[in-house]
Amino acid sequence: MNIKNIILDILFPRVCVGCGKEGKYICDKCKVFISECESTETRVSENLDGLISVWDYEGLIKELIQMIKYQGVADIIKELISQVNLDIYCSYITYVPMFRKREKRRGFNQAEIIAKELAKKSETRSLSLLEKVVDTEDQTKLDKEKRIENVKGSFKSCVKLSLTQREVLLVDDIFTTGATMRECCKVLKQSGIKKVWGFTLARTP
């Protein structure tokens with residue numbers, strides 16, 4: 001165990017967010033209180049060929065994701081991914097990038113960690129295929145139309161020619177209006193990626 005994990009265990013011991021029992025962030029008893037998304041969508045938009053979200057963004061799952069993003073408890077991700085049963089049929093897994101300065105300030109990109117944990121579990125390669133080149137306004141403060149405008153032109157492709165005509169899984173933490181994921185998918189498709197499916201831990205009900 002590295003120093004960072006030791007410090008995290010001291011500051012944020014693994015206790016269930018539902019009942020306070022030590023050992024896990026969601027104990028087996030409290031798992032019954034988290035709401036799974038009903039279905040997988042296909043052809044969400046012109047560039048997003050499908051979307052898989054595991055849980056509804058509410059209750060205990062919402063609390064855990066906020067702990068990841070705003071308290072830096074990134075090891076929650078490993079526990080959540082261990083509960084995901086997903087057959088991945090794609091060439092690569094990639095993720096929604098953060099603007100470099102914002103990522104440096106937070107210390108990590110949660111979407112990248114989710115992608116890497118999924119890649120380990122599915123024995124699929126995780127690659128960085130996008131770069132965020134504009135430091136956009138926080139999406140959580142905007143309505144649907146403003147979110148779409150906010151992210152336009154904010155991502156750049158890092159896709160190499162050898163990766164074109166492949167199918168990729170694009171990972172993020174939450175799907176709300178889908179503005180960010182759709183913009184990323186558009187850039188990937190313009191770069192020659194054949195199909196893009198989305199994956200998020202949670203989706204706004």
Under a 4.5 Å cut-off applied to non-hydrogen side-chain atoms, are K24 and C16 in contact?
-> no
What do the steps show when you test I65 against L201 for side chain to side chain contact (heavy atoms under 4.5 Å, CB included), and what is the final call?
-> CA-CA 9 Å; I65 290 176; L201 289 178; 4.3 Å; yes
Show the numbers, then the answer: is there a side chain to side chain donor-acceptor pair (under 3.5 Å) between N47 and S45?
-> CA-CA 6 Å; N47 295 304; S45 67; 5.7 Å; no
Ignoring hydrogens and angles, tell me if any N or O in the side chain of D143 forms a donor-acceptor pair with the backbone of K146 under 3.5 Å.
-> yes
Should the pair K152-E149 be classified as a salt bridge under the 4.0 Å nitrogen-to-oxygen rule?
-> yes
State whether E117 and K121 are salt-bridged, where the test is any N-O pair (Lys NZ or Arg NE/NH1/NH2 against Asp/Glu carboxylate O) under 4.0 Å.
-> no
When you check the gap from the basic side-chain N to the acidic O, do K31 and D28 get nearer than 4.0 Å?
-> yes
Is there a path from F99 to Y95 through hydrophobic residues (I, L, V, M, F, W, Y) whose side chains come within less than 4.5 Å of each other?
-> no
Check whether any side-chain heavy atom of V84 sits under 4.5 Å from a side-chain heavy atom of F199, and report yes or no.
-> yes
Grab the two heavy atoms, one from A202 and one from I61, that are nearest each other, plus how far apart they are.
-> CB-CG2, 4.0 Å
When rounded to the nearest 0.5 angstrom, what is the spacing between NZ in K160 and CG in L127?
-> 8.5 Å
Salt-bridge present (D56, R203; N to O < 4.0 Å) | no
From the options T136, N150, I148, select the one residue that forms a side chain to side chain contact (heavy atoms under 4.5 Å, CB included) with L142.
-> N150
Atom CD1 of I81 and atom CD of Q83: how far apart are they, to the nearest 0.5 Å?
-> 9.5 Å
Which heavy atom of G72 sits nearest a heavy atom of F108, and at what distance?
-> CA-CE2, 3.7 Å
V187 vs L130 side-chain heavy atoms within contact, under 4.5 Å = yes
Ignoring hydrogens and angles, write down the donor-acceptor pairs under 3.5 Å from the side chains of residues 174-185, residues two or more places apart or on other chains.
unit_1	atom_1	unit_2	atom_2	d
T176	OG1	T204	OG1	3.4
T177	OG1	A179	N	3.4
T180	OG1	Q139	NE2	3.4
R182	NH1	T177	O	2.6
E183	OE1	K186	NZ	3.4
E183	OE2	G153	N	3.1

Which of these passes side chain to side chain contact (heavy atoms under 4.5 Å, CB included) with I68: I77, V73, I114?
-> I77
Decide, yes or no, whether a salt bridge links R100 with D135 under the criterion of side-chain N to carboxylate O below 4.0 Å.
-> no
Can F155 and E131 be said to form a side chain to side chain contact (heavy atoms under 4.5 Å, CB included), step by step?
-> CA-CA 6 Å; F155 297 98; E131 180 186 354; over 6 Å; no
Would you indicate whether the side-chain heavy atoms of S157 and Q190 approach each other to under 4.5 Å?
-> no
Closest non-hydrogen contact found for D173 with K69 is OD2-CD, 3.2 Å
With a 4.0 Å cut-off, would you call K189 and D49 a salt bridge?
-> yes
Is E167 close to W197 at the side-chain level, that is, under 4.5 Å between some pair of heavy atoms?
-> no
Contact summary for L60 and C30, nearest pair of heavy atoms = CD1-O, 4.0 Å
Tell me, do D75 and R14 make a side-chain contact under 4.5 Å, heavy atoms counted?
-> yes
Taking all heavy atoms of A74 and all of I113, pick out the closest pair and write down the distance.
-> CB-CD1, 3.8 Å
Got a donor-acceptor contact below 3.5 angstrom from the E79 side chain to the I26 backbone?
-> yes
Could you walk me through whether S35 and E58 pass side chain to side chain contact (heavy atoms under 4.5 Å, CB included), step by step?
-> CA-CA 8 Å; S35 177; E58 60 185 14; 3.5 Å; yes
Between CD1 of I193 and CG of L129, what distance do you get to the nearest 0.5 Å?
-> 6.0 Å
Output for pair (C37 SG, I52 CD1), nearest 0.5 Å, gives 11.0 Å
May I ask you to decide if A119's main-chain N or O and S126's side chain share a donor-acceptor pair within less than 3.5 Å?
-> no
Nearest-0.5 Å distance, NZ of residue K132 to CG of residue N109 | 10.0 Å
Gap separating the CZ atom of R125 from the NZ atom of K120, nearest 0.5 angstrom | 16.0 Å
Check whether any side-chain heavy atom of L118 sits under 4.5 Å from a side-chain heavy atom of V171, and report yes or no.
-> yes
With a 4.5 Å heavy-atom cut-off, do L188 and V168 have their side chains touching?
-> yes
When you measure from the side chain of D172 to the backbone N and O of P97, does any donor-acceptor pair fall under 3.5 Å?
-> no
Check whether V54 and L86 end up in the same hydrophobic cluster, where Ile, Leu, Val, Met, Phe, Trp and Tyr are linked by side-chain heavy atoms less than 4.5 Å apart.
-> yes
Mind checking whether V96 and M98 sit in one hydrophobic cluster, side chains of I, L, V, M, F, W, Y counted as touching below 4.5 Å?
-> no
Using atom types as modelled and distance alone, determine if a side-chain donor or acceptor of S53 lies under 3.5 Å from a backbone N or O of W55.
-> no
